[in-house]
Number of protein chains: 2
Amino acid sequence: MSLPQSEGPDSQGPHSPLPRRRTGIPEATVARLPVYLRVLGGLAETGVTTVSSDALAVAAGVGSAKLRKDLSHLGSYGTRGVGYDVEYLVYQISRTLGLTQHYSVVIIGVGNLGHALANYAGFASRGFQIVALIDSDPRRVGEDINGLEVRHLDELETVVKEHEVSIGVIATPAASAQDVCDRLVSAGVTSVLNFAPIVLAVPDTVDVRKVDLSIELQILAFHEQRKSAGPPASLEVGAG
Amino acid sequence: MSLPQSEGPDSQGPHSPLPRRRTGIPEATVARLPVYLRVLGGLAETGVTTVSSDALAVAAGVGSAKLRKDLSHLGSYGTRGVGYDVEYLVYQISRTLGLTQHYSVVIIGVGNLGHALANYAGFASRGFQIVALIDSDPRRVGEDINGLEVRHLDELETVVKEHEVSIGVIATPAASAQDVCDRLVSAGVTSVLNFAPIVLAVPDTVDVRKVDLSIELQILAFHEQRKSAGPPASLEVGAG
DNA sequence: AGCGCTTTGTGCACCTGTTCACAAAGTCCT
DNA sequence: AGGACTTTGTGAACAGGTGCACAAAGCGCT
């Protein structure tokens, strides 16, 4: 067990210790593709059939050059002088991200957060299917959440193998997160999304991404502090 | 209203369009400091008083050189041949991140996720105090969550000014997120943590960080696809 | 068909961040 | 005190990512 937190190039550390540079697609680009995908989905709903890199870039909150370079990594799917066909681009991005495949997801930990995740609609919409909810508390086992019955932690391995689960979502307290992770990995799970405030140790073959509320707040705090202290930084000299 | 999603250098896009390079501390480093802080806290609890960059790096899941360089940005607080004093380092990182100050936080949207956030203990532990929970649904107003009464969206501006809220957490559906964000910004909030699956438009003076479950899953999907498709990639040629 | 307009795709320079490798600096033992 | 050992802090090379600026390419109008 080594410690390669896979960290996407965006919200997490840039590229991972796994230099899985098999495709030429940079990690930073991969992290942005889902954003483009979402924006394109919104455009498609409003009947837009074609979009320029400029328009799409504004909607996605990135520079247009960056967007074009990102898209160029998946091929030349634009038409010069016109822009990109929305529907076609949606398809190409989906395909590139692997969303045309099906992924079975298991959520471990059915506390507040687990409940929220289980009810999150965005899960199913992109080929991710929650196949099981798992908790170690016997009192929670059997509860019905969003049409899915909570099962006991003892069944984790069974569930993973039964449904060929590839992605595990850890929403347990920090204390049990590493244990759960180890069991997921042993059972064959190769991707983990970790909500517990802990650095997980996994083999190099497993990808881990973390979502950490507390860290995000602390980063905001840093900038917030800067705002109040920084700007009028000149009268400070005599005032200190 | 422009579109600078502040994107930390990690899970989100590298550095932001706000080149707030007032201090010499790189964004990538800022994003890691909270991790070090957490690990150091754990060490302190187990009675460790001194730690080497190697040990700390392993526990934090980064390389030791990177860790030392990170720490060197806040000063020379280590002792050669010995390591770092845990308690002192905790203090220095806290100070750098601005955690010695107090931040008032308001959460908008008390659905599943809002509930989870309101009950999250990690909030209070680092100087963040949730001063209000807000929802637009009259049926939820008045509910007591973790000792805090849910107030109506109409009171948002009042609450923000009353408590000098600096950080707003948006946990509403995507449809209302931009509205809520605009109101937060108008009321004077300068940092936003967004859980809604949408790209928020804010003035350059406001920092936005996003936490997007769906995006994280899609990034995992990309790597997952790569794992299953990549390695034996050679029979494909004739199969197409 | 030709011309001008629009927009893509990309070469290049810049910049941020990572990693290596080592000198500087301190501790501990004799 | 002196020397061996440990560990920090950092200079320098490298890698990855961003943004500019423009040539290439397609559209539509005349």
Side-chain angles (χ1 to χ4, degrees), chain A residues 4-5 7-21 23-33 36 49-58 60-86 88-89 92, chain B residues 3-21 23-33 36 49-58 60-86 88-89 92:
Chain A
Q5 225 59 351
E7 309 188 343
D10 192 12
S11 171
Q12 320 202 19
H15 58 101
S16 85
L18 336 178
R20 187 171 293 106
R21 191 52 25 98
T23 79
I25 304 188
E27 276 298 309
T29 295
V30 171
R32 281 186 297 266
L33 288 178
Y36 304 153
T49 61
T50 285
V51 67
S52 72
S53 64
D54 249 311
L56 186 53
V58 168
V62 303
S64 64
K66 190 190 285 190
L67 181 128
R68 285 198 300 276
K69 189 153 288 188
D70 281 344
L71 295 184
S72 76
H73 287 295
L74 20 143
S76 269
Y77 298 133
T79 307
R80 291 165 192 244
V82 178
Y84 300 87
D85 181 85
V86 173
Y88 187 53
L89 196 51
Q92 289 298 345
Chain B
L3 282 174
Q5 223 59 350
S6 124
E7 308 188 342
D10 192 15
S11 168
Q12 319 201 15
H15 56 101
S16 85
L18 336 177
R20 187 172 294 105
R21 191 48 29 96
T23 81
I25 303 188
E27 276 298 309
T29 295
V30 171
R32 282 186 296 266
L33 289 179
Y36 304 154
T49 60
T50 286
V51 67
S52 71
S53 64
D54 250 309
L56 186 51
V58 168
V62 303
S64 64
K66 190 190 285 190
L67 181 129
R68 285 198 300 277
K69 187 151 285 185
D70 282 344
L71 295 184
S72 76
H73 287 297
L74 21 144
S76 267
Y77 298 134
T79 306
R80 295 161 124 109
V82 177
Y84 300 87
D85 181 86
V86 172
Y88 187 52
L89 195 52
Q92 289 299 343

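Here is how names work: the chains are called A, B, and so on, in the same order as the sequence lines, proteins then strands, and each is numbered from 1. Heavy-atom basis, side chains included; hydrogens, waters and symmetry copies ignored.
- One finds no side-chain N or O of A:Y84 lying less than 4.0 angstrom from the OP1 or OP2 phosphate oxygen of D:dG26.
- Between A:T79 and D:dG26, a side-chain N or O to OP1/OP2 separation shorter than 4.0 Å is absent.
- Distances shorter than 4.0 Å separate some side-chain N or O of A:R32 from OP1 or OP2 on D:dT18.
- In this structure, A:S53 reaches the C:dT8 phosphate: one of its side-chain N or O atoms is under 4.0 Å from OP1 or OP2.
- Note on A:G63: nothing from the nucleic acid sits closer than 4.0 angstrom, heavy atoms only.
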| field | Check against side-chain contact (heavy atoms from CB on, under 4.5 Å), B:T29 and B:L33 | value | CA-CA 6 Å; B:T29 295; B:L33 289 179; 4.2 Å; yes
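- A straight line from CD1 of A:I25 to P of D:dG17 spans 12 Å, rounded to a whole angstrom.
- For the pair A:S76 and C:dG9, the criterion of a side-chain N or O lying under 4.0 Å from OP1 or OP2 is met.
- For a distance-only test at 3.5 Å, the side chain of A:R80 fails to qualify as a donor-acceptor partner of the base of C:dT7.
- Rounded to an integer number of Å, the gap from A:L56 CG to C:dG9 C1' is 15 Å.
- The shortest distance between side-chain heavy atoms of B:L56 and B:L89 falls below 4.5 Å.
- B:R68 contributes atom CZ, which lies 9.0 Å from atom OG of B:S52 (distance to the nearest 0.5 angstrom).
- Rounded to whole Å, atom C1' of D:dT18 lies 13 Å from atom CG of A:L67.
- Atoms CG (B:D54) and P (C:dC20) sit 12 Å apart, rounded to a whole Å.
- B:T79 places none of its side-chain heavy atoms less than 4.5 Å from the side chain of B:T50.
- Within the 4.0 angstrom heavy-atom criterion, only backbone atoms of the sugar-phosphate kind lie near B:G83; the bases stay farther away.
- Rounded to whole Å, the distance from CG on B:D85 to P on C:dT27 is 13 Å.
- Here C:dT8 presents its P atom at 11 Å from CG of A:L89, a figure rounded to the nearest Å.
- B:D70 places its CG atom 13 Å from the C1' atom of C:dT16, with the value rounded to the nearest Å.
- Between the side chain of B:K69 and the base of C:dT18, no donor-acceptor pair of N or O atoms lies under 3.5 Å.
- Look at CZ on B:R68: it is 15 Å from P on C:dA23, rounded to the nearest Å.
- A donor-acceptor contact under 3.5 Å is not formed by the side chain of B:K66 with the base of C:dG17.
- Between A:Y36 and A:L67 there is a side-chain heavy-atom pair separated by less than 4.5 Å.
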